[in-house]
**Student:** 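Take a look at this one; I'll ask things after.
Worth knowing before you read on, the calculation uses all heavy atoms, side chains too, and leaves out hydrogens, waters and symmetry mates. Owing to the predicted nature of the structure, the values given are computational and were not obtained by experimental measurement. Each chain gets a letter, A, B and so on, in the order its sequence line appears, and its residues count up from 1.
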Protein chains: 2
Amino acid sequence: MDHDGLGPAWRALSDPTRRRILDLLKHGPRTTGDLCEQFDVSRFAIMKHLDILERARLVLVERRGRERWNHLNAVPIRQIYERWISGYQEHWAASLLRLKRRIESKTGKEQ
Amino acid sequence: MDHDGLGPAWRALSDPTRRRILDLLKHGPRTTGDLCEQFDVSRFAIMKHLDILERARLVLVERRGRERWNHLNAVPIRQIYERWISGYQEHWAASLLRLKRRIESKTGKEQ
DNA sequence: TCCATATGTGACCAAATGGTCACATATTAC
DNA sequence: GTAATATGTGACCATTTGGTCACATATGGA
């Protein structure tokens with residue numbers, strides 16, 4: 001049911017540092033060292049984050065000599081939207097209304 | 001920068017069991033005991049998941065006597081889409097093309 | 001060649017996570 | 001009142017997570 005292969009992507013996106021890395025990569029590919037300069041944590045922490053993003057296919061890696069260029073791959077984000085988030089669209093407004101109705105009619109039994 | 005208050009929601013959505021709980025609540029509110037019957041894990045595990053979902057405001061709780069009715073609140077999902085995911089829309093197709101161009105022109109220096 | 005640069009690996013650690021259970025509380029039914 | 005039902009609390013535990021570091025490897029430039 002949830003085995004759509006997007007588990008690693010969901011997991012990768014749960015961390016704010018990783019979401020910020022993706023935000024940086026939106027403006028174009030960057031080397032690992034370049035990315036590290038934008039964060040307070042160590043290079044090793046960023047490398048671990050990049051590894052998690054790479055396994056989730058949210059980052060594609062191109063090696064050029066001694067540099068590692070990290071590219072954003074937005075496809076898994078699109079899939080998360082299509083396969084899960086879009087299914088909640090009709091509830092965005094409805095969910096609050098349904099709660100309101102139910103609370104107001106505590107004695108009713110419709111449903 | 002990432003302090004839009006949606007951190008707990010991102011975190012809550014990273015777990016497949018919790019996403020499945022929300023999927024079940026899409027069809028209408030349910031009591032905790034009713035939800036537990038749909039899962040293999042213990043009632044306590046589900047209660048912890050519900051607590052995390054409640055803190056993330058993805059589940060709203062209405063207490064009726066000894067029952068606890070869990071309601072889906074899709075608003076944080078909408079906000080995650082609006083404030084983060086929608087910003088990647090233009091990259092869904094472009095990201096793969098950009099990578100392709102860059103790899104093909106390894107010697108070029110445009111950018 | 002020799003050195004600075006850029007990235008990779010493995011060990012290690014504290015804290016968070018997801019799970020269990022025993023037990024307590026509160027409400028409905030008889 | 002008493003018993004069954006529904007949920008809540010706290011302790012506990014194994015694993016994962018996010019972080020550190022020392023050290024190794026690989027590449028480009030003088």
**Student:** What integer distance in Å separates B:I21:CD1 from C:dG19:C1'?
**Tutor:** 14 Å
**Student:** In whole angstroms, how far is the C1' atom of C:dA6 from the CD atom of A:E37?
**Tutor:** 12 Å
**Student:** Kindly write out the residues that satisfy salt bridge (charged side-chain N to carboxylate O under 4.0 Å, His left out) with A:E67, not counting sequence neighbours, or none if the list is empty.
**Tutor:** none
**Student:** Output the rounded distance in Å from CG (B:D51) to P (D:dT7).
**Tutor:** 15 Å
**Student:** Taking OP1 and OP2 of C:dG8, is either one under 4.0 Å from a side-chain nitrogen or oxygen of A:R68?
**Tutor:** yes
**Student:** Separation of A:M47 atom CE from D:dC21 atom C1', in whole Å?
**Tutor:** 13 Å
**Student:** Under the side-chain contact (heavy atoms from CB on, under 4.5 Å) test, which residues partner A:E82, sequence neighbours left out?
**Tutor:** A:R78
**Student:** The criterion is side-chain contact (heavy atoms from CB on, under 4.5 Å); which residues satisfy it with B:S14, sequence neighbours excluded?
**Tutor:** A:R11, A:S14, B:R18
**Student:** Using atom types as modelled, flag every donor-acceptor pair under 3.5 Å from a side chain in residues 36-45 of chain B to any protein atom, sequence neighbours excluded.
**Tutor:**
| unit_1 | atom_1 | unit_2 | atom_2 | d |
| --- | --- | --- | --- | --- |
| B:S42 | OG | B:F44 | N | 3.4 |
| B:S42 | OG | B:A45 | N | 3.3 |

**Student:** When you check every protein heavy atom under 4.0 Å of nucleotides 11-19 of chain D, what one-letter string (B, S, -) results, 5' to 3'?
**Tutor:** -------BB
**Student:** Whole Å only: how far is the CZ atom of A:R55 from the C1' atom of C:dG8?
**Tutor:** 13 Å
**Student:** Should the ring pair B:Y81 and A:Y81 be called parallel, tilted or perpendicular, given that the plane angle runs from 0 to 90° and is split at 30 and 60?
**Tutor:** parallel
**Student:** Taking side chain to side chain donor-acceptor pair (under 3.5 Å) as the definition, give me every residue that meets it alongside A:Q79, ordered by chain and number, with sequence neighbours left out.
**Tutor:** none
**Student:** Could I get the full list of side chain to side chain donor-acceptor pair (under 3.5 Å) partners for B:R57, not counting sequence neighbours?
**Tutor:** none
**Student:** Please identify each residue that fulfils side chain to side chain donor-acceptor pair (under 3.5 Å) with A:R66, with sequence neighbours left out.
**Tutor:** none
**Student:** In whole angstrom, what separates A:W69's CH2 from C:dT5's C1'?
**Tutor:** 15 Å
**Student:** Show me the protein contacts with nucleotides 23-30 of chain D, counting only N or O atoms at under 3.5 Å.
**Tutor:**
| unit_1 | atom_1 | unit_2 | atom_2 | d |
| --- | --- | --- | --- | --- |
| D:dT27 | O2 | A:R66 | NH1 | 3.0 |

**Student:** Distance check needed: C:dA6 P versus A:L50 CG, whole Å only.
**Tutor:** 16 Å
**Student:** Taking A:R19 first and then A:D15, would you say they form a salt bridge - that is, a charged N and a carboxylate O separated by under 4.0 Å?
**Tutor:** no
